Every structure is written in structure tokens, then in C-alpha cells.
Amino acid sequence: MRKEKVMDSQNDPPPVVAIQPRWQKRIGWYLGLFTPDSLTRSLAVYLTTNGLLRAGGVMRGVVLTWLMLQQEFGIYQLGLLLINVLLPLFSTGLYDGIARYIPQYEARGELRRFIFQALVFSAMIGLGVCCVAYLLLPIFSGAVFGSLAAFGEQTSSRWATQTDEASLARVVVLTVASLVIYHLILAVLRGQRYFRAVSWMELSAGVIFTIPAILIATLGGGSAERILGLYALSNVASAAAFGGVALWGVYRRTDTPQMLNSKVELRGLWRFSIWAGLGAVLWQLVQAYPAWHLNRLAGTQSLATFSGMKLFAQLSQLAPAAMSVAILGAVSKTWESAGRAAALQQLELATKAGLGAVVVLSLWVGTAGKLLVYLFSAEYRGGAAIIPPLLLSHLLAGGLSLITIRLQLLENSRTIFAGWLAGCGVAVLSSFLLIEPNDPSGALIGAGWSGVWATATVLVVVLVDLGRGAMLPNRGTLLILAAMWFLAAPAGIMWAGSVILLLLMFSTRLILSSDEKQQLLQLFRNFRTALHKPLIADAPADQV
């Protein structure tokens with residue numbers, strides 16, 4: 001019997017192997033980007049590429065300070081401030097809502113219809129508002145972009161540079177419109193946990209922007225208007241390169257049969273996004289108002305110095321913010337599939353590990369602030385004293401981006417809005433009290449500390465609300481938040497603070513329990529293994 005069976009198996013026809021079309025083999029590495037990743041893989045890929053992107057952004061900013069007039073660089077930064085405020089306002093935060101709800105509709109089997117209905121709805125609102133703003137914003141450009149002389153005298157309504165206020169206002173609106181499209185595509189990729197595609201999309205946008213910007217500035221055409229225009233073009237180009245395949249992949253999906261006749265409910269998305277969008281607007285106002293007030297009182301040259309020093313401080317916020325992007329998709333999936341306890345455990349460990357590392361690195365950067373200013377030309381070096389408060393302000397904001405994931409899971413965006421509303425009030429009040437127009441150095445320091453007190457206010461509001469709902473972060477996370485305030489001390493105490501935090505994390509159980517240390521060690525091994533895997537992989541024949 002056994003021999004006959006062997007003989008029969010030998011006579012069986014060979015298995016049928018699916019043959020990929022030649023065109024699909026050639027772009028297999030590209031299609032392989034559009035596959036979901038685990039939490040560890042998401043963190044490994046996204047944090048690595050995001051770190052490269054942010055480091056490149058810092059280098060680009062430093063180079064532009066050398067190539068652009070200081071006043072022109074300040075105008076460019078003023079345009080970026082307005083863009084950051086207008087983007088969540090014009091889009092009403094819908095792209096964050098899409099990323100949040102994709103795991104839910106994926107579990108229901110309604111992903112295809114949800115994405116296309118949500119994208120059409122969001123694009124109509126965002127781009128429609130941009131069209132209205134394109135006509136109206138230039139009328140108010142003098143009030144938005146104008147500045148007062150250092151001693152309180154009104155200057156001309158036009159800058160003595162290559163850029164005027166009305167044309168800058170139009171370029172700002174066009175850049176916001178490009179970012180609406182860009183972030184909607186990113187939301188689709190993030191919600192489906194395609195973090196390799198997210199990473200390459202962001203990297204491509206950075207490269208497409210950086211190379212022409214530096215080239216044009218080198219040739220003497222580095223006006224704020226031109227640089228922002230290049231930023232808009234890079235957003236559109238990268239969205240086109242990755243959006244088509246992402247949407248085609250969604251189109252090829254089939255919804256669950258029992259859901260085909262049901263109606264996708266967008267009211268929950270709208271309700272969540274409205275509050276999240278308003279909260280994001282206030283978040284940006286909290287960070288932007290001290291810089292805007294500084295520009296009004298001391299001029300664009302002071303703003304340029306402030307923004308130059310901010311290049312280093314932003315890394316302490318952007319790293320936790322990048323982590324929150326990667327963590328949210330995975331934790332939302334765990335929340336929907338395995339429940340609240342498992343999701344919070346996953347979130348707590350990632351928060352303590354990531355935020356603790358960023359705090360230690362930020363303390364080291366704070367001690368080196370007097371050396372970092374020599375990367376800039378001489379007119380920027382008076383800003384060394386504001387690096388520590390800027391680091392503290394951005395660290396607090398970065399910690400908030402991780403802590404407020406709890407509120408996003410509960411769909412409680414009203415608390416986020418309330419916190420940033422309180423912070424916005426503190427930002428305005430502290431700016432009036434701390435920014436001295438007759439003292440350029442004091443004005444810079446006042447603007448830095450205004451951001452600290454405003455962001456700290458938001459953190460207190462959020463923590464109080466989480467405490468009421470029994471969702472307060474555990475002792476370890478709270479100790480890490482407290483360690484941020486070493487940045488308010490002299491350089492020697494900052495260094496000692498970093499050592500104390502490392503000892504508390506790895507030599508005691510005050511921050512990390514024994515189980516968490518074991519999990520963290522395993523997470524590090526998995527992270528290292530994930531890094532050794534290629535960031536691109538061939539796609540299966542039926543991937544797209």
C-alpha cells in the first residue's frame with residue numbers, strides 16, 4: 001500500500017504556481033510597502049525613517065539660515081506657523097478621525113465604503129474652505145503677518161524683502177490645500193497600519209522639498225514665498241505617488257456580504273473629528289502664539305533666532321508624536337479585538353520606554369545648547385539661553401501626544417479641546433507678561449517660557465480628567481513627566497537629572513516593573529530584528 005501510494009504521488013501533476021505578470025514583478029518592492037505591520041515592526045520602521053526625516057529637517061533648517069536673509073527666514077517661519085494653525089482648522093481634523101475609525105470599520109467588514117465616503121466628505125470640506133480662504137486671507141494679511149518695530153513703532157505694511165504679505169497669504173492657503181490631500185492619504189495608510197508606505201511617503205516628500213529648496217536658496221532666490229511653494233509641490237507629488245496604489249488596494253477589497261446594504265455612519269467620525277480638529281487648532285495656537293507675539297513686538301529677525309533654536313527642540317516633541325502615530329493604529333486594533341486592559345498595557349509600556357529615552361536625550365541636548373548655536377551664523381547665536389525652555393515646552397507637548405491616546409481610544413476629544421483652550425489662554429496671558437519689546441534677549445526667553453507654562457497647563461487639565469475616569473497613567477509615566485523639569489535647572493543639574501532618570505528606570509521598580517523590563521528587553525530584541533528586515537518587501541500576487 002505504501003509503495004503504491006508513493007508511485008501515485010510521483011505520477012501526480014506538479015502543483016500550480018501562480019505566475020506574476022512581468023510588470024508586477026518589476027514593481028513588487030513598491031507594492032510590498034502596502035502591507036500591515038505589527039506594533040514592533042511599525043515602531044521599528046516608522047521611528048527609524050521618521051528620525052532620518054527629522055534629522056534631515058533640522059539640517060535643512062540650519063542650511064537655510066545660512067543661505068537666506070535672517071528676516072526672510074523669519075517670514076518663512078511665520079508662514080509655517082500659520083500653516084500649522086490653519087491645517088486642522090480647514091480640515092476640521094477629519095484625517096485624524098479617519099485613521100482612528102479605520103480599524104473599527106475594518107473589523108466590521110465595511111472598510112471599503114467607509115474610506116471612500118469619508119475621503120470624499122473630508123476633501124470637499126477641506127478644499128472648499130481653502131477656496132474661500134484663498135480669496136479672503138490676503139485682505140487680512142497685514143494684521144496676520146505685520147510686525148512692530150523693536151521699540152514699539154509701527155513699521156511699513158510691506159517688508160523690505162522679496163516677499164509681500166498678500167502673496168504670502170495666497171501661498172500659505174495653497175500649501176494648506178496640498179497638506180489636506182497629503183494627510184488624507186496618510187490617514188488611509190496609517191489606519192491600515194501600512195507604516196512602510198507611510199515612512200517612504202514622508203521621506204519622499206522631505207527629499208522632494210529639501211533638494212530644490214537648498215538649490216534655489218543657494219542661487220539667491222530663497223524667498224519665503226518660493227520655499228513654501230516648493231513645500232506645497234512636494235506634498236502633492238508624494239501624495240500622488242502613494243495615494244493611487246493605496247486607494248486602488250481599498251477599491252479591490254470586498255465588504256462583508258451582510259454589510260453591503262447597511263449604511264456607513266459618518267456622524268461619529270464628524271463628532272470625533274470636530275473636537276479633535278478644534279483641539280489641534282488650539283494645540284498649534286499654544287505653540288505658535290508666543291512666536292507670533294514675539295514677531296509683533298520684536299520683528300522677524302527675533303522670530304528667526306527663536307525659530308532657529310526651535311529646530312533642535314522640535315525633535316523632543318516630534319519623536320513622541322511619531323511614536324503616537326505608530327502606536328495608535330496598533331493599540332486601536334488591540335482595543336477593538338482584545339479589550340481595554342490589553343490595549344492600556346501595550347500603551348503604558350510603549351509610553352514609558354519611548355518617552356523616557358526622549359527625556360534623557362533632551363537633557364543631554366540641553367547641556368550642549370551653548371555649543372549647538374555655533375552651527376548657525378553669528379546673528380543667531382544670542383539664542384542659546386532659550387534652548388532649555390524650548391526643549392521643555394516641546395517635551396511636554398510630546399508627552400501629551402502619547403498620553404492623549406487614552407482619550408482618543410475613549411473617543412473623548414472634548415477633554416483635549418478643553419485642555420488646549422485653557423493652554424491657549426495661558427499662552428496669550430504669559431506672552432503679554434513675559435515678552436519684553438525693549439529687550440531682545442529678554443523677549444526671546446519670555447517667548448520660550450510662555451510656551452512652557454501654556455503646555456504645562458494643558459497637561460494638568462488632561463491628567464485631572466484621566467484621574468477622574470480611572471485612566472491616569474501609572475507611577476512610572478508620571479515620574480518621567482516630572483523628570484522633564486530638570487530642563488529648568490542649570491546645565492550640571494540637567495546632566496545629573498539624566499543619570500537619576502536612567503537609574504530609576506533600570507535599577508529600581510519605581511518606573512518599570514520586573515515584568516515590564518523583561519517585556520522591554522524582548523521588545524528591543526524584536527525591534528532590532530525588525531530593523532534587520534528590509535524596509536521594502538515583494539508583494540504577493542494578489543496584494544493590489
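Just so you know, these numbers come straight off a predicted model, no measurement behind them.
Looking at L363 and L487, their side chains come closer than 4.5 Å, going by heavy atoms from C-beta outward. The shortest side-chain heavy-atom distance between F242 and E202 does not fall under the 4.5 Å cut-off. Counting heavy atoms from C-beta on, the side chains of T455 and V286 come closer than 4.5 Å. Side-chain contact check for L355 versus L481: some heavy-atom pair is nearer than 4.5 Å. Side-chain contact between I416 and V462 is absent, with no heavy-atom pair separated by less than 4.5 Å. No side-chain heavy atom of T49 sits under 4.5 Å from any side-chain heavy atom of W200. L168 has its side chain out of reach of S141: every pair of non-hydrogen atoms, C-beta onward, lies at least 4.5 Å apart. Side-chain contact between I181 and N235: absent, with no pair of heavy atoms (C-beta onward) separated by less than 4.5 Å.
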Donor-acceptor pairs are to be reported for all side-chain atoms of residues 399-407 against protein atoms at under 3.5 Å, with residues two or more places apart or in another chain.
residue : atom : partner : partner atom : Å
S401    : OG   : G398    : O            : 2.5
T404    : OG1  : L400    : O            : 2.6
R406    : NE   : M471    : O            : 3.4
R406    : NH2  : E348    : OE1          : 2.8
R406    : NH2  : E348    : OE2          : 3.3

Distance-only donor-acceptor hits, side chain of residues 215-222, under 3.5 Å, sequence neighbours excluded:
residue : atom : partner : partner atom : Å
T218    : OG1  : I214    : O            : 2.6

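For the pair A384 and P388, the tightest heavy-atom approach, listed with the atom from each and the gap, is O-CD, 3.8 Å. For the pair V461 and G419, the tightest heavy-atom approach, listed with the atom from each and the gap, is CG1-CA, 3.6 Å. Between K517 and L512 the shortest heavy-atom distance is CE-O, 3.4 Å. Of all heavy-atom pairs between V180 and S91, the closest is CG2-CB, 4.4 Å. Looking at every heavy atom in both residues, L137 comes nearest to L82 through CD2-CD2, 4.1 Å. Residues I435 and A447 share a closest heavy-atom pair of CG1-N, 3.7 Å.
Atom CG of L64 sits about 11.0 Å away from atom CD of E72, to the nearest 0.5 Å. For the atom pair CG of L228 and CG of L233, the computed distance is 11.0 Å after rounding to the nearest 0.5 Å. If you take CG on L203 and CD1 on I208, they are separated by 10.5 Å, rounding to the nearest 0.5 Å. Put simply, CG on L294 and CD1 on I445 are 11.5 Å apart, with the number rounded to the nearest 0.5 Å. The distance from atom SG of C424 to atom CG of L282, rounded to the nearest 0.5 Å, is 5.5 Å. Rounded to the nearest 0.5 Å, atoms OH (Y289) and CG (L429) are 10.0 Å apart.
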Chi angles and distances behind the side-chain contact (heavy atoms from CB on, under 4.5 Å) call for I98, S122: CA-CA 9 Å; I98 290 173; S122 303; 3.6 Å; yes

side-chain contact (heavy atoms from CB on, under 4.5 Å) between Q284 and W420, intermediate numbers included: CA-CA 9 Å; Q284 294 297 337; W420 286 112; over 6 Å; no

Steps toward side-chain contact (heavy atoms from CB on, under 4.5 Å) verdict (T508, L503): CA-CA 7 Å; T508 73; L503 290 175; over 6 Å; no

Criterion side-chain contact (heavy atoms from CB on, under 4.5 Å) on T175 and V172, from CA distance to verdict: CA-CA 5 Å; T175 306; V172 162; 5.7 Å; no

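For the ring pair (Phe, Tyr, Trp, His ring centres under 6.0 Å) test, residues two or more places apart in sequence or in another chain that qualify with Y380 are F376. Residues that satisfy the ring pair (Phe, Tyr, Trp, His ring centres under 6.0 Å) test with F432, not counting sequence neighbours, are H293. Checked against side chain to side chain contact (heavy atoms under 4.5 Å, CB included), Q77 has the following partners two or more places apart in sequence or in another chain: F73, L80, S307. Applying the ring pair (Phe, Tyr, Trp, His ring centres under 6.0 Å) test to H183 and every residue at least two apart in sequence or in another chain returns Y95. Taking A483 as the reference, V359, F486, L501 meet the side chain to side chain contact (heavy atoms under 4.5 Å, CB included) condition, with sequence neighbours excluded. In terms of the side chain to side chain contact (heavy atoms under 4.5 Å, CB included) criterion, residue partners of V132 (sequence neighbours excluded) are, by chain and number, L136. Residues passing the ring pair (Phe, Tyr, Trp, His ring centres under 6.0 Å) test with W453, sequence neighbours excluded: W449, W485.
Of the possible donor and acceptor atoms, none in the side chain of Q71 sits under 3.5 Å from a partner among the backbone N and O of Q301. At distances below 3.5 Å, not a single donor-acceptor pair connects side-chain atoms of S393 with backbone N or O atoms of L390.
Judged as a side chain to side chain donor-acceptor pair (under 3.5 Å), the pairs with a partner in residues 60-70 (not counting sequence neighbours) are, in order, R60-T210, Q70-T305. Within the structure, the side chain to side chain donor-acceptor pair (under 3.5 Å) test picks out the following pairs touching residues 351-369 (sequence neighbours left out): K352-E516, W364-S498. The salt bridge (Lys or Arg N to Asp or Glu O under 4.0 Å) contacts involving residues 370-382 comprise nothing, where partners must be two or more places apart or lie in separate chains.
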